Amino acid sequence: MQTIAFYNLKGGVGKTTTAVNIAWHAARWKHRTLLWDLDPQGAASFYLGVDGSRTYKTGSLIKGKQQIGNLRVETRWPGLEVIPSDISLRNMDLKLAEPGAGRGSLKRLIEPLSENTSLTLLDCPPTLSPVAESIFAAADYLVVPVIPTHLSLRAFEQVMQWLDQKAFKHLTVLPFFNMVDRRRLLHVEMLVKPPALMRQRLKTWIPYSTHVEQMGEHAAPVGEFAPHTPAARAYRGLWFELAEKLKL
Ligand SMILES: Nc1ncnc2c1ncn2[C@@H]1O[C@H](COP(=O)(O)OP(=O)(O)OP(=O)(O)O)[C@@H](O)[C@H]1O
Ligand SMILES: [Mg+2]
């Protein structure tokens with residue numbers, strides 16, 4: 001099982017939308033895929049048309065009193081399951097600070113999923129808290145959406161510095177440009193001459209597109225309701241690039 005976390009310290013950059021579109025592609029390519037919505041806002045579950053009616057307690061999950069496998073919910077796409085978000089995730093920091101928990105908690109939690117999952121995707125909240133540390137310890141790959149602006153790059157730089165300090169050596173960090181608007185000079189400049197920080201990026205970039213915004217309306221990935229659009233093509237390209245990197 002390989003684990004990919006869709007993460008950025010910065011909010012609203014496209015973590016959830018990307019996680020959902022990549023999860024959908026992975027399942028279409030017959031990878032048994034599970035998306036864990038780790039954000040108490042629950043946007044990933046919503047985009048996949050799964051409601052969060054089956055609640056759980058993050059605390060008892062971390063303590064092993066609740067089995068993670070029981071939280072899996074099928075989506076309407078074969079091979080794609082979700083662990084919906086729960087409001088108790090907002091206390092995850094506190095729960096991870098309790099004795100016996102700690103940085104390895106999330107990794108321990110998801111390990112049993114490998115029995116019937118080949119790809120676990122984590123949709124992460126925008127934070128650099130102990131939750132993020134636990135995510136970094138659990139993930140093999142960190143996919144980081146970056147908007148081609150200085151502020152967004154700065155947030156990514158902070159993440160990289162933090163990863164360095166905390167010595168997460170096992171983690172492969174894969175940033176990519178999202179919400180690219182080619183009418184903007186800065187966006188074009190960054191695409192043509194990417195900053196050093198983006199050297200190891202995924203080369204596919206996702207354009208700014210109303211079709212991505214419409215995911216909420218359709219409660220579905222872009223490829224499902226607007227398959228022949230630039231955004232759908234870009235997500236497909238991103239999936240292929242990622243699949244090649246992960247040797248899927
Ligand atoms: N390529 C894109 N083009 C246009 N809009 C986009 C694109 N990617 C994301 N968005 C929009 O930007 C908003 C934020 O996207 P998303 O929820 O995926 O970000 P996020 O990083 O998960 O946010 P949060 O930090 O709140 O979890 C959403 O309204 C989404 O529709
Ligand atoms: Mg999100």
Side-chain angles (χ1 to χ4, degrees), residues 4-25 35-50 52 82-87 89-90 92-93 120-129 131-132 135-136 139 141-149 151-156 158-159 173-184 186-188 190-191 198 201-239 241-242:
I4 313 175
F6 293 80
Y7 173 82
N8 196 333
L9 163 63
K10 196 161 167 53
V13 294
K15 300 178 286 296
T16 302
T17 39
T18 309
V20 165
N21 283 290
I22 294 296
W24 180 79
H25 275 292
L35 174 62
W36 188 357
D37 187 349
L38 279 169
D39 191 334
Q41 295 175 93
S45 325
F46 172 74
Y47 283 142
L48 289 170
V50 170
V82 178
I83 298 181
S85 156
D86 186 86
I87 194 70
L89 285 165
R90 75 201 151 87
M92 197 166 182
D93 278 339
T120 298
L121 309 183
L122 307 174
D123 180 31
C124 308
T127 169
L128 259 188
S129 65
V131 174
I135 287 166
F136 299 157
Y141 295 88
L142 207 63
V143 172
V144 186
V146 176
I147 303 173
T149 63
L151 262 189
S152 188
L153 269 171
R154 192 168 167 270
F156 176 47
Q158 286 170 311
V159 174
V173 182
L174 299 170
F176 71 97
F177 284 124
N178 186 29
M179 298 197 210
V180 175
D181 180 351
R182 282 197 290 179
R183 290 166 306 182
R184 295 194 189 186
L186 181 60
H187 286 211
V188 175
M190 284 211 196
L191 277 191
M198 296 293 286
R201 74 191 183 286
L202 295 165
K203 301 295 181 295
T204 312
W205 49 269
I206 312 293
Y208 190 92
S209 157
T210 51
H211 296 113
V212 181
E213 293 171 320
Q214 286 167 9
M215 283 173 62
E217 206 177 308
H218 295 271
V222 179
E224 183 79 17
F225 65 88
H228 305 298
T229 56
R233 278 197 292 276
Y235 284 125
R236 193 161 56 236
L238 193 70
W239 155 250
E241 202 181 342
L242 202 54

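Quick caveat, the model's predicted, so the values are computed rather than measured. Both counts, for ligands and for their atoms, begin at 1 and track the order of listing.
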Between [X] and [Y] (side chain of the first, backbone of the second, donor and acceptor by atom type, cut-off under 3.5 Å), is there such a pair?
X    : Y    : value
N8   : P126 : no
D37  : S45  : yes
R233 : H228 : yes
H211 : V222 : no
K10  : V146 : no
E241 : T204 : yes

In the protein, what heavy atom is nearest to [atom], and what distance, to one decimal place, separates them?
atom                    : value
atom 4 (C) of ligand 1  : S209 O, 3.1 Å
atom 18 (O) of ligand 1 : T17 OG1, 2.7 Å
atom 7 (C) of ligand 1  : V212 CG1, 3.4 Å
atom 24 (P) of ligand 1 : G12 N, 3.5 Å
atom 17 (O) of ligand 1 : T16 CB, 4.0 Å
atom 31 (O) of ligand 1 : E213 CA, 3.5 Å
atom 10 (N) of ligand 1 : M179 CE, 3.6 Å
atom 19 (O) of ligand 1 : G14 N, 3.0 Å

Exercise. Out of A43, P207, A231, C124, whose heavy atom sits nearest atom 1 (N) of ligand 1?
Worked result: P207

For this session: Look up atom 13 (C) of ligand 1 and tell me if a protein heavy atom lies less than 4.0 Å from it?
Result: no

Exercise. Protein heavy atoms: any of them under 4.0 Å from atom 29 (O) of ligand 1?
Worked result: no

Exercise. Does some non-hydrogen atom of Q41 fall short of 4.0 Å from ligand 1?
Worked result: yes

Check: [X] N/O within less than 3.5 Å of ligand 1 N/O:
X    : value
K15  : yes
V13  : yes
K10  : no
D123 : no
Y235 : no
P126 : no

Problem set entry | G11: numbered ligand 1 atoms lying under 4.0 Å from its heavy atoms | 25 (O)

Exercise. What atoms in ligand 1 come closer than 4.0 Å to a heavy atom of I206?
Worked result: 1 (N)

Exercise. How many angstroms lie between atom CG of N178 and atom OH of Y208, to the nearest 0.5 angstrom?
Worked result: 10.0 Å

For this session: Hey, could you give me the CD1/CG distance between I147 and D181, rounded to the nearest 0.5 Å?
Result: 11.0 Å

For this session: Taking all non-hydrogen atoms of both residues into account, name the closest pair between L89 and P40 and its distance.
Result: CB-CD, 4.1 Å

For this session: Could you tell me whether the Mg ion (ligand 2) has an N, O or S atom of T17 under 2.8 Å away?
Result: no

For this session: Take V212 and M179 through the side chain to side chain contact (heavy atoms under 4.5 Å, CB included) test and state the conclusion after the steps.
Result: CA-CA 9 Å; V212 181; M179 298 197 210; over 6 Å; no

Exercise. Counting heavy atoms only, which part of N178 comes closer than 4.0 Å to ligand 1: side chain, backbone, both or neither?
Worked result: side chain

Problem set entry | Structural part of D39 in contact with ligand 1, heavy atom criterion under 4.0 angstrom | side chain

Exercise. Would I22 and L242 count as a side chain to side chain contact (heavy atoms under 4.5 Å, CB included) if you check the C-alpha gap in whole Å, the side-chain angles of each, and the deciding distance to 0.1 Å?
Worked result: CA-CA 9 Å; I22 294 296; L242 202 54; 3.9 Å; yes

Exercise. Hey, are D123 and T16 close enough side-chain-wise for a donor-acceptor pair under 3.5 Å?
Worked result: yes

Exercise. How are the rings of Y7 and F136 set relative to one another: parallel (under 30°), tilted (30 to 60°) or perpendicular (over 60°)?
Worked result: perpendicular

For this session: Step by step, work out the side chain to side chain contact (heavy atoms under 4.5 Å, CB included) result for S209 and T229.
Result: CA-CA 9 Å; S209 157; T229 56; 5.8 Å; no

